[in-house]
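Read the structure below first, then the notes.
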Amino acid sequence: MDSFLSPSLQHWLDLTGIFVFALSGALLAVRRNFDVFGMAVLAAVTGLGGGLFRDLVIGAVPPAAFTDLGYALTPLVATVIVFFLHPEVERITKAVLVFDAAGLGLFCVTGTLKAHEYGLSLTSSAVLGLATAAGGGVLRDVLANEVPSLLRWDREVYAVPAVVGAAATALLIHGDRVNPVTMTGTAVLAFVLRLLALRYGWRAPRAWNRRSARPDES
Amino acid sequence: MDSFLSPSLQHWLDLTGIFVFALSGALLAVRRNFDVFGMAVLAAVTGLGGGLFRDLVIGAVPPAAFTDLGYALTPLVATVIVFFLHPEVERITKAVLVFDAAGLGLFCVTGTLKAHEYGLSLTSSAVLGLATAAGGGVLRDVLANEVPSLLRWDREVYAVPAVVGAAATALLIHGDRVNPVTMTGTAVLAFVLRLLALRYGWRAPRAWNRRSARPDES
Amino acid sequence: MDSFLSPSLQHWLDLTGIFVFALSGALLAVRRNFDVFGMAVLAAVTGLGGGLFRDLVIGAVPPAAFTDLGYALTPLVATVIVFFLHPEVERITKAVLVFDAAGLGLFCVTGTLKAHEYGLSLTSSAVLGLATAAGGGVLRDVLANEVPSLLRWDREVYAVPAVVGAAATALLIHGDRVNPVTMTGTAVLAFVLRLLALRYGWRAPRAWNRRSARPDES
């Protein structure tokens, strides 16, 4: 990775993704009534978790989260902002979703790019981009003891925007069309798809002909 | 690892283990009323989680799950099958347990073998085989927000079959008797032990002379 | 790492940290009414989880937990002790907290030291020391399906003693004053700070001017 002093576009997209994911984590911590350290931990886990998983998988150790001071400080900045400026609790849920959608868009692009730089095939890079984009949010929900939205039928589709963003990035790498405009455009595409899913309540189907209507929560 | 085109027995045992674990994950997702993406995620995490952990620990990066297309596609095949052919909800719990038992048997063998190939001692290999076999199911239960069966007193013993399978594999490596017959036999042994535990309700003891009968759930 | 036969002070501090963390995990398993294997798993995850994460991050693979027999056996010893000698259930919660505090003190010192040995900067080493100290307990709570104490407002501060311990260790490395006395002293300092927090109910603030008193648990 580039150092913090000579940042490439990828580096800035990555930092922006960490920042918006960290905002979503800190806001969820406020909603769950956690203290300021709970906010910082949830911000850091959400912002850095997906990228940390990606770096461990591709063997980029020590991961950027522990070598680049900008990566470690970004969640703290997000925590301080949320600490003083969080919206009314009633509006927090919506803000969590919007910032989470922005992180999703940015990370499926940067995750796919970085995996490909480390020699993974295009297909594997897209899969890892997907895992990078979804990983932080899943860790956030597991730590907050909630079923990850990614899995739930009663939540709007999360996977489709991430799959589209990661696949489009892989196609652009394949076509040698990686540049600031296409990368930013792909991130915005995934972000907008997720916002549309939230706005219009797009749901994914459950198993075919599910033979019992009763959800089994046991 | 071998490529998908020239598969060794270990490779096929591994893929079979991924497949049956993925079936158990997709079925649990149906039981919990998750959507089709929740099914795919839970199938992938259950099928690939244990092996991914093993590969990170032994330094086999990028892990097979991200370099071998067969590994990544197997959970998707399991998801499609469960999507169209899942049993009635009332019977799903039983099917989850049987497929999970098959994965347990296969992974305690292949996990121990692969760890030893990467230079770990026999004892460490058996411990890592155990972690490979139990890891996917634990991740599945954590994501589905359930207490892992591995831990619960009111569930049948899960650890004993895995310990027996991993230890037997280590002994066979030590005695230089690794071949298709002994490896398949060991996997079947662990599988059958787990089925017997389920059939006859074998339980493990709780702490000695537990001085309060009341379970504390707080 | 040193072998089990020629242990340095760091090795012994590490083993002691694993032991006390494992006691806290096994005791929590008793409180939750898990069986003996649940006790062993929770003891191993709590004792070894933080160090395993640290070793994966710094690229020290295979991690000490899988190469040093002493590391793998320590949680089993803790499990056996708790199995026969656990206190009355009513007193277990207190014992979990005290052993957890001891592990916290020891691991923020050894985690920071080992990260620095592997070439991380002083700041990154302190952050990783913090993650090492907190990681095992977080994994323990996630597996037991509880919200990690680290996050909760209604629990006494956990992060401050760990931050102080990790930062003090980094300062001592910087000042070239690493020796048995200063390292043990730093571990004791963090331990005592945590005990004082528990004794006097020190709490961390929640988000500024939280505009709704109602905790949202949904």
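A:Thr112 places no side-chain N or O within 3.5 Å of a backbone atom of A:Thr169 that could act as its donor or acceptor partner. A:Arg177 places no side-chain N or O within 3.5 Å of a backbone atom of A:Thr182 that could act as its donor or acceptor partner. Distance alone, capped at 3.5 Å, places no donor-acceptor pair between the B:Ser124 side chain and the B:Leu120 backbone.
For B:Phe37 and A:Tyr158, the ring centers are positioned 6.0 Å apart or more.
In terms of heavy-atom pairs under 4.5 Å with chain A, the best-connected choice from B:Pro63, B:Ala60, B:Ala40 is B:Pro63. Residue with the most contacts toward chain B among A:Val57, A:Asn145, A:Val147: A:Val57 (heavy-atom pairs, distance under 4.5 Å).
Looking at A:Ser121, there are no atoms closer than 4.5 Å to chain B (heavy atoms on both sides), in backbone or side chain. If you measure heavy-atom distances from A:Val157 to chain B, the contacts under 4.5 Å come from the side chain alone. For a residue to count as touching a neighbouring chain, one of its non-hydrogen atoms must lie under 4.5 Å from one of that chain's; by this rule A:Val138 touches chain B with the side chain only. Of the two parts of A:Leu128, the backbone and the side chain both hold a non-hydrogen atom closer than 4.5 Å to a non-hydrogen atom of chain B. Interface remark: B:Ala72 contributes no atoms to any contact with chain A (heavy atom separation under 4.5 Å).
In this structure, A:Leu56 and B:Leu56 approach most closely via the heavy-atom pair O-CD2, 3.5 Å. Across all their heavy atoms, A:Ala64 and A:Asp55 have their closest contact at N-OD2, 3.3 Å.
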